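Below you'll find the structure, written out as structure tokens, and then a few comments.
Side chains are part of it too, since the values below use all heavy atoms of this structure and drop only hydrogens, waters and symmetry mates. Note that this is a predicted model, so its numbers are computed, not measured. Sequence positions, counted from 1, serve as the residue numbers for this chain.
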Amino acid sequence: MSLQTSPIEASGLPRAIIGAIVNNALVLALIAVFAVFSFATPTFLTIANLQSILVNNFTLLAIVAIAMTFAVSVGGIDLSVGTAVDFASFAFVSLVLAGQPVFIAALAGLGAGAAVGAFNAILISGIGISPFLGTLGTLFIGRSIQQLLTNGGNPVYLPPTGVPEAFRFLGRGAIAGIPVPLVIAAGIIVAATIILTRARFGRVALAIGIQPSVVRYSGITARAHVAVAFILVGLIAAVAGLILSATVTVYIPSSGNAFLLNAIGATFIGTTLSRLGRPNVAGTVLGVLLLSIVANGLLLTGLNFYWQQVGTGLLIFAVLALSFINRRKATA
């Protein structure tokens with residue numbers, strides 16, 4: 001009986017090298033793109049550009065992708081993370097515009113995002129609709145509500161002279177020289193890591209995503225954990241909505257949907273960091289960093305926007321392909 005070999009093994013590369021490449025595909029891809037853009041464009045390695053990657057490309061996407069990680073951890077997906085971002089942004093800007101304190105407006109924004117998550121929780125855990133279909137419905141409903149609230153999709157602007165200092169600080173302030181949005185993103189990353197790796201809730205959530213039937217037979221209320229996970233998705237995504245609004249001082253309907261595909265991509269790229277393909281915060285963060293570097297580097301090279309999307313897609317395919325080879329070897 002002949003043993004099947006992968007295309008990589010058939011190439012004659014030593015098995016140890018093959019294993020190193022496959023097991024560290026994400027890290028190697030990150031190093032490779034960083035090196036390529038460092039040589040391809042002289043401005044890539046400048047301090048200003050690296051700061052731009054972290055603040056403009058990485059921060060908001062990282063927050064939304066961490067939110068997506070919670071949905072994937074329970075075996076689902078959330079297509080309405082952009083809706084949570086938008087609802088939080090709308091509530092935040094509208095209340096600040098109405099003269100409410102920034103703190104109260106921020107709480108309302110977080111509540112609006114959590115409400116989107118709670119609505120998804122009712123659909124998924126309460127009624128039993130699949131996460132894909134349930135959150136897809138929320139996406140369409142949310143988009144329509146935004147159109148109705150803004151008279152057909154008109155942005156809601158804050159006048160330059162009417163922006164409170166606390167509002168401005170959230171989007172453009174700094175703590176010890178570190179931009180506030182980056183500090184908030186780092187805090188969310190640390191908190192999410194603790195929840196998914198140290199807390200009982202995180203362990204149960206990952207177990208639900210891997211073997212839901214085993215969790216049910218063990219007497220654990222899986223539906224309650226799934227509901228909490230989707231509420232967390234909405235709440236975390238709402239933080240991105242607050243920061244987005246404070247950065248641009250405007251609410252633009254459906255602008256949160258711009259993060260959806262990249263958040264999904266970063267989360268699933270991040271699963272390649274686990275031999276068993278499990279969602280994890282560290283992998284998601286590296287996935288976001290990879291997509292952020294690629295987006296910035298391709299922009300600096302002057303490529304057409306559509307070719308940038310092609311390049312990003314091919315990179316995602318390559319990383320995921322190596323992950324599937326790794327997973328097949330682990331289960332063989």
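For Thr46 (side chain) and Thr43 (main-chain N/O), a donor-acceptor pair under 3.5 Å exists by modelled atom type. A donor-acceptor contact shorter than 3.5 Å is absent between the side chain of Asn296 and the backbone of Ser292. When atom types are taken as modelled, the side chain of Arg203 and the backbone of Arg198 share a donor-acceptor pair closer than 3.5 angstrom. Put simply, the side chain of Asp86 gets close to the backbone of Ser255: a donor and an acceptor are under 3.5 Å apart. Remark: side-chain polar atoms of Asn280 are paired, donor with acceptor, to backbone N or O of Arg278 under 3.5 angstrom. With hydrogens and angles disregarded, no donor-acceptor distance shorter than 3.5 Å links the side chain of Ser80 to the backbone of Leu139. In this structure a side-chain-to-backbone donor-acceptor pair under 3.5 Å is missing from Thr249 to Ala246. With hydrogens and angles disregarded, no donor-acceptor distance shorter than 3.5 Å links the side chain of Ser274 to the backbone of Thr271. Looking at Thr138, its side chain does come within 3.5 Å of a backbone N or O of Gly134 through a donor-acceptor pair. Using a distance-only test at 3.5 Å, with no hydrogens or angles considered, a donor-acceptor pair links the side chain of Thr272 to the main chain of Ile269.
Here the side chains of Phe230 and Leu123 are not in contact, with every heavy-atom distance at 4.5 Å or above. The closest side-chain heavy-atom distance from Val156 to Val250 is not below 4.5 Å. Inter-residue side-chain proximity for Thr135 and Phe119 is flagged as unmet; no heavy-atom pair is nearer than 4.5 Å. Side chains of Tyr251 and Leu244 form no contact here, defined as non-hydrogen atoms less than 4.5 Å apart. You'll find the side chain of Met68 reaches within 4.5 Å of the side chain of Ile264, heavy atoms only. Looking only at side-chain heavy atoms (C-beta outward), Val64 and Leu60 stay at 4.5 Å or farther from each other. In this structure the side chain of Phe70 reaches within 4.5 angstrom of the side chain of Leu196, judged on heavy atoms. At a threshold of 4.5 Å between non-hydrogen side-chain atoms, the residues Ile124 and Ser130 do not count as touching.
Summarising the geometry, atom CZ belonging to Arg168 is positioned 11.5 Å from atom OG1 belonging to Thr247; distances are rounded to the nearest 0.5 Å. Once rounded to the nearest 0.5 Å, the distance linking CG of Leu289 with CD1 of Ile53 reads 8.0 Å. Rounding to the nearest 0.5 Å gives a distance of 8.5 Å between CD of Gln146 and CZ of Phe90. Taking CD1 of Ile188 as the reference point, atom CD1 of Ile195 lies at 10.5 Å (rounded to 0.5 Å). Atoms CG and CZ, on Leu290 and Phe58 in that order, are 12.0 Å from each other to the nearest 0.5 Å. Rounding to the nearest 0.5 Å gives a distance of 6.5 Å between CD1 of Ile63 and CD1 of Ile184.
Of all heavy-atom pairs spanning Ser73 and Pro279, the tightest one is CA-CG, 3.5 Å. Of all heavy-atom pairs spanning Gly109 and Ala88, the tightest one is O-CB, 3.2 Å. Here the shortest heavy-atom pairing between Gly283 and Leu26 reads O-CD2, 3.8 Å. Of all heavy-atom pairs spanning Ala71 and Val233, the tightest one is N-CG2, 3.7 Å. Between Thr301 and Leu298, the shortest heavy-atom contact is OG1-O, 2.7 Å. Taking all atoms of both residues into account, the shortest heavy-atom contact from Ala65 to Thr267 is O-OG1, 3.4 Å.
Atom CD of Gln147 is surrounded by more than 12 heavy atoms from other residues, nucleotides or ligands within 6.0 Å. Taking a 6.0 Å sphere around CD1 of Ile127, one finds it holds more than 12 heavy atoms contributed by other residues, nucleotides or ligands.
Ring-centre distance between Phe34 and Phe44: below the 6.0 Å cut-off. If you look at Phe92 and Phe167, their ring centroids are closer than 6.0 Å.
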Exercise for the section: Decide side-chain contact (heavy atoms from CB on, under 4.5 Å) for Val72 and Thr69; before the verdict, give the C-alpha distance in whole Å, the side-chain angles of both, and the deciding distance to 0.1 Å. Expected result: CA-CA 5 Å; Val72 177; Thr69 302; 5.8 Å; no

Exercise for the section: List the steps and the verdict of side chain to side chain donor-acceptor pair (under 3.5 Å) for Asn56 and Ser52. Expected result: CA-CA 5 Å; Asn56 299 325; Ser52 175; 3.0 Å; yes

Practice task
For the pair Leu45 and Asn49, evaluate side-chain contact (heavy atoms from CB on, under 4.5 Å) and give the outcome as yes or no after the intermediate values.
Solution key: CA-CA 7 Å; Leu45 277 181; Asn49 186 63; over 6 Å; no

Practice task
Could you go through the side-chain contact (heavy atoms from CB on, under 4.5 Å) check for Leu300 and Phe37 one step at a time?
Solution key: CA-CA 9 Å; Leu300 291 178; Phe37 290 127; over 6 Å; no

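When the side chains of ILVMFWY residues are joined at heavy-atom separations under 4.5 Å, either directly or via intervening members, Leu232 and Ile194 end up in two distinct hydrophobic clusters. Hydrophobic clustering keeps Val55 apart from Leu50 (ILVMFWY residues linked when any side-chain heavy atoms are closer than 4.5 Å, directly or through intermediates). Linking Ile, Leu, Val, Met, Phe, Trp and Tyr whenever their side-chain heavy atoms come within less than 4.5 Å puts Phe140 and Ile77 in one cluster. Placement of Leu61 and Leu299 in two distinct hydrophobic clusters is found when ILVMFWY residues are connected by side-chain heavy-atom separations under 4.5 Å, directly or transitively. Hydrophobic clustering of Ile, Leu, Val, Met, Phe, Trp and Tyr side chains at less than 4.5 Å, counting indirect connections, keeps Val93 apart from Leu107.
With 3.5 Å as the limit, one finds a donor-acceptor pair spanning the side chains of Ser89 and Ser245.
Among Thr284, Val281, Leu286, Val285, the one residue that satisfies the side chain to side chain contact (heavy atoms under 4.5 Å, CB included) test with Leu273 is Leu286.
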